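Have a look at the structure below, then the notes.
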Amino acid sequence: MPELPEVETVRRGLAHFLIGYRFKSAEGLHPRVVKPASLQPLSAVVGAHIKGINRRGKFLWFELDRELALVAHLGMSGQFLVARKDRPAPGHVRAHFELSKGFKKQELLFRDQRTFGWLSVEQLTDGIPQSARHIALDPFDAAFDRSAVIARMKARKAAIKSVILNQEIMSGVGNIYADESLWRAKIHPEIPACELSVKKIGSLVDAAVQVMAEAVEVGGTSFDAMYINVNGESGFFETSLAAYGQEGEPCPRCGRGIRRIAFGNRSSHYCPKCQVRT
DNA sequence: GGAAATGTTTACCG
DNA sequence: CCGGTAAACATTTC
């Protein structure tokens, strides 16, 4: 379930287990796993040393000791698994990597049921891969400019929910955290952004940061040393969601039933009492 | 059988 | 050109 907190959890897991390792093999196992814009096949990373794992919004990349980076987007269902050879291979494995560091060996799998995720080999410009150049800073980036982002949001006529989801204004928020942030800030998802006060938009941005930070906390504890599932499943979803997926459940704040409405191809969930469209 | 599912890109329209 | 919406991508699960 990859939004920023899940991708960050994956990033931490990969960094924890793989920094310092060198790629020994790299193999795509599905015709669409390598993004068409990739400069090279996955084999271009063989021999490269992993210096770091970086992230912007929901984009992830392996920083290597060469010009190129291995970039990944998890799409809707992508996962990285640091697997063990003595365990059975799971289904839907789209790419396979072998790594080593001295005597130590690791096996990395990229799994993706729905195949909206991808991998690519790209050039970095100012440390950012080509495919993420248009993605705005996420709120955990040291250079994130809160008031500039709020001002850009305020200038939009579109519904606030599509504005908070716009990865070119602020990155990282997906459908789940959008609904949770709007619920926390008590904002109806369909209000045009320009009709909200700067203060109200500020409270929404703060709510997004807060809810995502809480999710990262929970997600960061889920590693299993034996069969390392670096997919960011956190347990956060079942226990802590106030609005998303809670249609008909009582609002944790006021007890009113959470309502679900259509939003493009998916849904918005909100409390009809706390989040009024004025 | 139908509906819905965490995301991004591209096409299209006004 | 811009902003905004809708569809497309594929598969599984409820």
Side-chain angles (χ1 to χ4, degrees), chain A residues 1-11 29-38 55-61 71-80 90-94 110-120 122 129-136 138 152-182 189-195 208 211-212 215-216 218-219 222 229-238 240-241 243-248 258-269:
Chain A
M1 306 194 169
E3 295 181 34
L4 184 150
E6 293 74 38
V7 179
E8 174 59 15
T9 300
V10 171
R11 190 198 68 74
L29 302 173
H30 187 279
R32 278 183 307 279
V33 69
V34 177
K35 199 179 156 97
S38 181
R55 181 187 59 73
R56 172 177 283 188
K58 306 169 195 168
F59 287 70
L60 194 64
W61 62 96
V71 187
H73 197 288
L74 305 178
M76 298 276 255
S77 56
Q79 301 177 323
F80 274 110
H92 309 294
V93 174
R94 308 305 188 195
F110 180 67
R111 235 188 136 189
D112 189 10
Q113 192 177 84
R114 291 164 66 184
T115 67
F116 288 175
W118 49 259
L119 302 174
S120 71
E122 300 180 28
Q130 198 56 43
S131 59
R133 290 295 296 174
H134 65 295
I135 299 297
D138 63 65
R152 288 191 64 197
M153 290 182 171
K154 171 82 179 160
R156 295 294 182 129
K157 292 178 205 141
I160 187 63
K161 174 150 170 180
S162 58
V163 172
I164 195 78
L165 285 171
N166 186 331
Q167 306 294 305
E168 298 184 23
I169 300 177
M170 174 177 113
S171 66
V173 175
N175 207 33
I176 295 174
Y177 296 102
D179 283 359
E180 293 302 305
S181 307
L182 289 161
E190 292 176 330
I191 299 175
C194 58
E195 288 178 17
V211 69
M212 291 196 293
V216 169
V218 184
S222 68
N229 184 343
V230 193
N231 73 355
E233 276 178 38
S234 61
F236 174 81
F237 297 97
E238 291 118 80
S240 309
L241 293 178
Y244 182 83
Q246 306 299 308
E247 183 182 20
I258 295 292
R259 198 166 289 175
R260 179 166 73 99
I261 54 174
F263 172 72
N265 297 334
R266 33 181 83 83
S267 305
S268 288
H269 309 76

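So that the names make sense, note that chain A is the first sequence line, chain B the second, and so on, each numbered from 1. Because the structure is predicted, anything quoted here is derived from the model rather than measured.
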Problem set entry | Atom P, compared across dA4(B) and dA6(C): separation rounded to whole Å | 15 Å
For this session: Would you tell me if any nitrogen or oxygen in the side chain of H73(A) comes within less than 4.0 Å of OP1 or OP2 on dT8(B)?
Result: yes
Problem set entry | K161(A) and D179(A) ion-paired at < 4.0 Å | yes
Exercise. Do the side chains of Q130(A) and E122(A) get nearer than 4.5 Å, heavy atoms only?
Worked result: yes
Exercise. Listed by chain and number, what are the side-chain contact (heavy atoms from CB on, under 4.5 Å) partners of A132(A), not counting sequence neighbours?
Worked result: F59(A), I128(A), P129(A), I135(A)
Exercise. How would DNA chain C look in dot-bracket form, 5' to 3', counting Watson-Crick and G-U wobble pairs with both distances under 3.5 Å and writing | for bases paired to another strand?
Worked result: .||||||||.||||
Exercise. Considering only the P atoms, how many Å lie between dT12(C) and dT8(B), rounded to the nearest integer?
Worked result: 22 Å
Problem set entry | Counterpart residues, side-chain contact (heavy atoms from CB on, under 4.5 Å), relative to R94(A) (two or more places apart) | H30(A), V33(A), H92(A), F110(A), D112(A), T115(A)
Exercise. Does a side-chain heavy-atom distance below 4.5 Å link I164(A) with Y177(A)?
Worked result: no
For this session: State whether H134(A) places a side-chain N or O below 4.0 Å from either non-bridging phosphate oxygen (OP1 or OP2) of dT9(B).
Result: yes
For this session: To the nearest Å, give me how far apart CG (L74(A)) and C1' (dT11(C)) are.
Result: 17 Å
Exercise. When you measure from the side chain of E195(A) to the backbone N and O of K154(A), does any donor-acceptor pair fall under 3.5 Å?
Worked result: no
Problem set entry | Separation of atom NZ in K58(A) from atom C1' in dT8(B), rounded to whole Å | 9 Å
Seminar exercise, completed: Rounded to whole Å, CD of Q130(A) lies from P of dT8(B) at a distance of 17 Å
Exercise. Roughly, in whole Å, what's the span from CZ in R111(A) to C1' in dA10(C)?
Worked result: 16 Å
Seminar exercise, completed: The answer to which of K35(A) and S267(A) contacts DNA chain B further toward the 5' end, by nearest nucleotide, is S267(A)
Seminar exercise, completed: Its contact letters, B for base, S for sugar-phosphate only and - for none at protein heavy atoms under 4.0 Å, make nucleotides 2-8 of chain C read --S--BB
Exercise. Is any side-chain N or O of R32(A) closer than 4.0 Å to OP1 or OP2 of dA10(C)?
Worked result: yes
Problem set entry | Under 3.5 Å: donor-acceptor pair, side chain of E247(A), backbone of I258(A) | no
Exercise. Does R259(A) have any side-chain contact (heavy atoms from CB on, under 4.5 Å) partners at least two apart in sequence or in another chain, and if so, which?
Worked result: Y270(A), P272(A)
Seminar exercise, completed: Atom CD1 of I176(A) and atom P of dA5(B) are separated, to the nearest Å, by 10 Å
Exercise. Is there side-chain contact between P189(A) and F263(A), with at least one heavy-atom pair below 4.5 Å?
Worked result: no
Problem set entry | Under 3.5 Å donor-acceptor, R260(A) side chain and G245(A) backbone | no
Problem set entry | Whole-Å gap separating P (dA3(B)) and CD (E247(A)) | 15 Å
Exercise. Which residues within residues 112-119 of chain A lie with some heavy atom under 4.0 Å of an atom in DNA chain B?
Worked result: R114(A), F116(A)
For this session: Using atom CE of M76(A) as one end and atom C1' of dT12(C) as the other, report the distance to the nearest whole Å.
Result: 12 Å
Problem set entry | Steps toward side-chain contact (heavy atoms from CB on, under 4.5 Å) verdict (L241(A), H269(A)) | CA-CA 11 Å; L241(A) 293 178; H269(A) 309 76; over 6 Å; no
For this session: For the pair E180(A) (side chain) and V211(A) (backbone), establish whether a donor and an acceptor sit closer than 3.5 Å, ignoring hydrogens and angles.
Result: no
